[in-house]
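It should be emphasised that the depicted structure is a prediction, and the values quoted were computed from it without experimental measurement. Positions are given from 1, in the same order as the sequence printed here.
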Amino acid sequence: MRAAWLVLPGLAALVSCRPPDSAAAYRKAASQLKYRIERVEPRLDMALPLDRSRLVVRIRLKVENPSEVRFHARRVAGDLGLDELGQMKRVGAFDLPQGLTLEPHSEASVVLELTFTYRDIRRNWASISQAIEKGPGVVWRVEGRATLEAFGLPFSVPFKARGEQ
């Protein structure tokens with residue numbers, strides 16, 4: 001009978017303990033991800049009439065996962081821009097719904113391809129012409145959110161990346 005009474009304080013202590021917050025641990029690991037623009041390849045596809053012309057920008061974004069957690073990126077979306085005096089001059093937006101798996105202690109690349117219509121080109125001509133004039137010295141920026149999943153728990157984290165052309 002006395003042994004049963006000794007078990008009760010142990011059960012009370014066990015019930016009062018909170019389980020570790022896995023989602024918080026995964027968010028912390030996701031905040032350690034490092035993003036870098038590896039390559040930017042702009043291509044102008046001229047057509048007649050001019051309103052059928054397109055500017056296609058391919059961006060290779062490299063993601064490094066230094067953590068112990070395996071992530072699956074369900075979606076990567078954000079803005080593409082040019083760095084002007086430390087500020088981002090937005091040129092366009094991207095939305096990549098395909099997945100990307102980030103193994104622990106590894107790197108992975110994803111290719112973002114943005115297509116700008118003639119109207120987009122005219123609206124952003126000041127920034128685009130500045131990038132053409134600067135040539136290899138232009139600094140591109142990507143800012144957005146990645147929807148990640150770790151062990152079945154989905155969450156969203158912001159990201160930023162810079163890179164020279």
Go through the steps for D45 and R54 under the test salt bridge (charged side-chain N to carboxylate O under 4.0 Å, His left out), then give the verdict.
CA-CA 5 Å; D45 294 337; R54 303 280 185 258; over 6 Å; no

Between Y35 and A146 the two heavy atoms that sit nearest each other are OH-CB, 4.4 Å

Would you indicate whether the side-chain heavy atoms of M46 and R52 approach each other to under 4.5 Å?
no

Nearest-0.5 Å distance that lies between atom CD in E64 and atom NZ in K34
5.0 Å

On a heavy-atom basis, the closest approach of H105 and E68 is NE2-OE2, 2.8 Å

Report the C-alpha separation of V57 and L80 in whole Å, then their side-chain angles, then the decisive distance to 0.1 Å, and conclude whether the side-chain contact (heavy atoms from CB on, under 4.5 Å) test is met.
CA-CA 10 Å; V57 179; L80 167 70; 4.2 Å; yes

Applying the 4.5 Å side-chain criterion to the ILVMFWY set and letting contacts propagate, would V69 and L153 be lumped into a single cluster?
yes

Hey, could you give me each pair passing salt bridge (charged side-chain N to carboxylate O under 4.0 Å, His left out) that has a residue in residues 147-160? Not counting sequence neighbours.
R74-E149

Point-to-point distance, once rounded to the nearest 0.5 Å, from CG of L33 to CG of L102
6.0 Å

To the nearest 0.5 Å, what is the distance between CG on L114 and CG on L55?
9.0 Å

Considering all heavy atoms, the nearest R145-S156 contact:
NE-OG, 3.0 Å

I'd like to check V40 versus P42 (side-chain heavy atoms, cut-off strictly below 4.5 Å). Are they in contact?
yes

Before giving the answer on side-chain contact (heavy atoms from CB on, under 4.5 Å), spell out for D83 and W140 the whole-Å C-alpha distance, their side-chain angles and the decisive distance to 0.1 Å.
CA-CA 6 Å; D83 190 294; W140 293 87; over 6 Å; no

Checking F71 against V63 for the side-chain contact (heavy atoms from CB on, under 4.5 Å) test, could you report, in this order, the C-alpha distance in whole Å, the side-chain angles of both residues, the deciding distance, and whether it holds?
CA-CA 11 Å; F71 293 105; V63 184; over 6 Å; no

Do M88 and L112 belong to the same hydrophobic cluster, where Ile, Leu, Val, Met, Phe, Trp and Tyr are linked whenever their side-chain heavy atoms lie under 4.5 Å apart, directly or via other members?
no

Between R39 and E41 (salt bridge meaning N to carboxylate O under 4.0 Å), is one present in this structure?
yes

Cluster overlap V110 with V56, hydrophobic side-chain contacts below 4.5 Å:
no

CG on L100 to CG on L61, rounded to 0.5 Å
9.0 Å

To the closest 0.5 Å, what do you measure between OH (Y26) and CZ (F155)?
9.0 Å

side-chain contact (heavy atoms from CB on, under 4.5 Å), that's the test. Do E107 and N65 meet it? Break it down for me.
CA-CA 6 Å; E107 291 183 343; N65 181 7; over 6 Å; no

Do the rings of F94 and F159 sit parallel, tilted or perpendicular, given the 30° and 60° boundaries?
tilted

To the nearest 0.5 Å, what is the distance between OG1 on T117 and CZ on R123?
7.0 Å

L48, L44: one ILVMFWY side-chain cluster at the under-4.5 Å cut-off?
no

Ignoring hydrogens, what is the shortest heavy-atom contact between S53 and A47? Give both atom names and the distance.
OG-N, 3.0 Å

